[in-house]
Amino acid sequence: FSDEVVTFSANSNKIYKIDTSSNEETYSYMYLDEEIKYSNRKLYTTPDGIQKILNIGFNYNKDINIYSLDYLETAYTEKIASYGYKSLSDEFKNKKALKNDILVVEKEDGKKGVIKSDGSEIVGPKYDEISYLENTGDFMVTSANKVGIINSQGKSKISLDYDEIKILDEDLGLYIVKQNEKYGVLNQSGSVVIYIENDDIGIDTSLYKDSNIKNKYLLYENCIPVKKDEKWGIYNKNGKLILPIEYDSIGCVVGTASTKSAGNVVTIDDYEAIVIGKDKHYGIINSTGKELTLIEYDEITASAGIKNSLKVKKDNKYGIINEDGKVVIPTSYADIEEIGKDNKSGFIVKNENNKYGVIDYSNNVILNCDYNKIYKIHSNDLYVVTENTLQKVVRTAENGTSTDVLVKGYDEITGILATKDSGVIFKKANKYGIMDLSGNVILDAQYDYLKEAKTGIFIAKKGDKYGIIRK
């Protein structure tokens with residue numbers, strides 16, 4: 001049983017696959033004969049695309065014929081006895097070869113080989129294990145606990161000398177090999193690209209769930225992270241060392257639990273940059289190994305969806321640098337958090353006295369650090385703040401000051417409506433209602449739940465019943 005996930009997009013002929021029921025951590029990829037087309041809100045592909053995406057046999061002349069892998073397995077099982085074989089491989093990865101009329105088969109003595117659907121031999125039945133590599137069309141073979149690779153014509157591609165082999169990248173024709181507990185990289189001719197002397201190759205993508213890394217072994221189609229004697233470095237795809245093996249980490253990890261790992265950062269895609277760490281400090285290099293920042297920060301964290309803004313910590317103070325490594329907001333705050341979904345919305349900052357204010361991306365003060373809390377914001381001039389124990393709505397004025405807009409008539413403000421001058425959702429005596437910014441109640445506080453779904457439309461609850469209200 002397998003749970004394979006396939007991802008693809010319009011105007012591309014490249015598709016990605018990963019078997020989530022296995023221990024795979026890296027997507028494999030392959031190419032269709034033509035780009036996927038988008039028209040009339042539908043995606044279109046060729047018969048070749050249908051076969052590869054859906055793992056089926058597919059052909060048509062006058063009629064359309066679709067063959068599932070289970071159907072093909074049953075059909076070919078009836079034939080292989082006449083070819084002198086006991087059974088077909090029932091592994092999912094080997095079943096996928098059936099749609100190309102290729103059969104991974106087993107003899108009575110347990111030895112495995114590969115034949116075509118007409119019985120002609122591709123790989124002789126002399127191996128303990130065989131795995132079909134769908135993305136390259138090759139076969140990974142195992143004998144006496146050693147692994148090698150044979151191509152689709154039955155010729156040796158990588159000799160049967162290794163304890164483990166993984167595809168590093170299909171296009172580059174690079175393979176990770178393991179020998180005597182050490183790792184290296186070979187090309188498709190079996191020549192050494194990176195010597196087999198490393199303790200590990202690739203990063204732990206489980207720590208960087210927001211980074212959208214499809215290949216843990218190859219970053220930006222050039223950088224191969226390696227670990228040796230507890231230190232990290234980076235080779236390029238040609239085997240040149242572009243970052244010396246002397247760093248404590250590739251990436252900055254501030255949390256490992258699922259609820260705390262969102263800020264972990266290893267790659268910065270807009271600049272093809274990589275975070276590196278040494279002596280409990282972090283910096284940034286680009287994909288050629290060029291230094292973009294000094295290794296001087298205690299932490300570097302990224303926010304999902306916020307481009308060109310990296311939160312950095314230095315001497316227990318926080319600031320912002322851009323993705324080119326330049327300081328945007330100096331490390332002078334006790335804390336700093338983005339307000340909206342982009343850096344244009346500005347940042348809520350906390351000073352050494354635990355008071356909060358707001359600054360913009362150019363470090364201009366929008367609101368002085370005078371408040372106990374700043375909750376919500378709409379546009380660039382309305383804020384919900386708490387001053388001492390009073391929660392209120394304020395509008396920004398000159399030089400970081402503000403004017404009061406709304407100060408009474410509620411226990412709590414739970415939201416500012418989508419049109420900034422239309423009012424707020426408030427809570428009073430544990431019921432929700434709406435008032436305008438002059439304090440006039442527009443909708444009485446009578447609901448157990450009230451939330452704006454879109455401008456002027458609200459989801460409301462009374463008791464255990466829900467409804468829609470238009471304002």
Side-chain angles (χ1 to χ4, degrees), residues 25-27 168-169 171-172 194 200-227 231-255 261-314 318-331 336-338 341-344 347 361-363:
E25 295 178 333
T26 297
Y27 284 80
L168 189 150
D169 185 79
D171 285 347
L172 297 175
I194 297 174
D200 203 359
I201 294 179
I203 59 172
D204 183 355
T205 51
S206 69
L207 297 173
Y208 308 103
K209 296 186 185 237
D210 290 333
S211 294
N212 194 32
I213 297 170
K214 283 188 166 64
N215 189 341
K216 61 181 284 185
Y217 308 117
L218 184 69
L219 306 178
Y220 302 122
E221 300 182 359
N222 185 60
C223 301
I224 303 172
V226 301
K227 185 179 184 182
K231 296 296 182 180
W232 287 88
I234 296 176
Y235 286 91
N236 70 11
K237 62 187 178 183
N238 299 315
K240 179 182 178 181
L241 189 66
I242 60 175
L243 183 73
I245 306 175
E246 60 186 41
Y247 294 87
D248 299 321
S249 69
I250 304 295
C252 177
V253 176
V254 296
S261 63
N264 296 347
V265 59
V266 62
T267 54
I268 306 166
D269 293 342
D270 286 352
Y271 284 81
E272 289 198 357
I274 299 170
V275 176
I276 57 175
K278 188 176 185 180
D279 299 328
K280 297 183 179 180
H281 290 84
Y282 299 90
I284 301 172
I285 62 169
N286 66 16
S287 59
T288 66
K290 179 183 177 183
E291 183 181 85
L292 299 181
T293 70
L294 296 174
I295 301 178
E296 59 179 347
Y297 298 107
D298 305 325
E299 289 179 6
I300 299 177
T301 57
S303 299
I306 307 292
K307 292 187 176 182
N308 213 27
S309 298
L310 296 169
K311 182 179 177 179
V312 293
K313 181 182 180 183
K314 185 178 180 181
Y318 291 92
I320 298 293
I321 63 175
N322 66 20
E323 293 169 339
D324 202 21
K326 295 179 181 178
V327 174
V328 176
I329 298 171
T331 50
I336 182 168
E337 298 292 341
E338 67 280 351
K341 295 182 178 180
D342 56 52
N343 56 44
K344 295 178 183 178
F347 302 87
Y361 189 67
S362 299
N363 201 30

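Small disclaimer: the values here were computed from a predicted structure and weren't measured.
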Min side-chain heavy-atom separation [X]-[Y] under 4.5 Å:
{"X": "His281", "Y": "Asp298", "value": "yes"}
{"X": "Leu310", "Y": "Asn322", "value": "no"}
{"X": "Val275", "Y": "Val266", "value": "no"}

Quick check against the 3.5 Å criterion: does [X] have a side-chain atom that pairs as donor or acceptor with the backbone of [Y]?
{"X": "Asn215", "Y": "Leu168", "value": "yes"}
{"X": "Ser249", "Y": "Gly251", "value": "yes"}
{"X": "Tyr220", "Y": "Ala273", "value": "yes"}
{"X": "Asp200", "Y": "Lys227", "value": "no"}

From [X] [atom1] over to [Y] [atom2], what is the distance, rounded to the nearest 0.5 angstrom?
{"X": "Lys280", "Y": "Glu299", "atom1": "NZ", "atom2": "CD", "value": "12.5 Å"}
{"X": "Ile295", "Y": "Tyr247", "atom1": "CD1", "atom2": "OH", "value": "4.5 Å"}
{"X": "Ile268", "Y": "Asn286", "atom1": "CD1", "atom2": "CG", "value": "10.5 Å"}
{"X": "Lys311", "Y": "Ile329", "atom1": "NZ", "atom2": "CD1", "value": "11.5 Å"}
{"X": "Glu272", "Y": "Ile285", "atom1": "CD", "atom2": "CD1", "value": "12.0 Å"}
{"X": "Ile320", "Y": "Phe347", "atom1": "CD1", "atom2": "CZ", "value": "4.5 Å"}

- Tell me, yes or no, whether the heavy-atom count around Glu246 atom CD, taken from other residues, nucleotides or ligands under 6.0 Å, exceeds 12.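 Atom CD in Glu246 is packed in, count exceeds 12.
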- Message: More than 12 heavy atoms of other residues, nucleotides or ligands under 6.0 Å from NZ of Lys290: yes or no?
- Response: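 At most 12 heavy atoms, drawn from other residues, nucleotides or ligands, come within 6.0 Å of this atom.
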Restricting to non-hydrogen atoms, name the atom on [X] and the atom on [Y] that form the minimum distance, rounded to 0.1 Å.
{"X": "Cys223", "Y": "Ser287", "result": "SG-O, 3.1 Å"}
{"X": "Thr301", "Y": "Val254", "result": "CG2-CG1, 3.5 Å"}
{"X": "Pro225", "Y": "Leu219", "result": "CG-CD1, 4.0 Å"}
{"X": "Tyr297", "Y": "Thr331", "result": "CE2-CG2, 4.4 Å"}

- Task: Might you work through the side chain to side chain contact (heavy atoms under 4.5 Å, CB included) test for Asn363 and Val328, ending with a clear yes or no?
- Result: CA-CA 7 Å; Asn363 201 30; Val328 176; over 6 Å; no
Pair up each side-chain donor or acceptor in residues 232-245 with any protein partner under 3.5 Å, not counting sequence neighbours, and list the distances.
| from | atom 1 | to | atom 2 | distance (Å) |
| --- | --- | --- | --- | --- |
| Asn236 | OD1 | Asn238 | N | 2.9 |
| Asn236 | OD1 | Gly239 | N | 3.1 |
| Asn236 | OD1 | Lys240 | N | 2.9 |

- Task: Please test Leu218 against Leu172 for side chain to side chain contact (heavy atoms under 4.5 Å, CB included), starting from the C-alpha separation and ending with a verdict.
- Result: CA-CA 10 Å; Leu218 184 69; Leu172 297 175; 3.8 Å; yes
- Message: Run the side chain to side chain contact (heavy atoms under 4.5 Å, CB included) test on Val312 and Thr293 for me, step by step, so that the C-alpha distance in whole Å, both residues' side-chain angles and the decisive distance to 0.1 Å come before the verdict.
- Response: CA-CA 12 Å; Val312 293; Thr293 70; over 6 Å; no
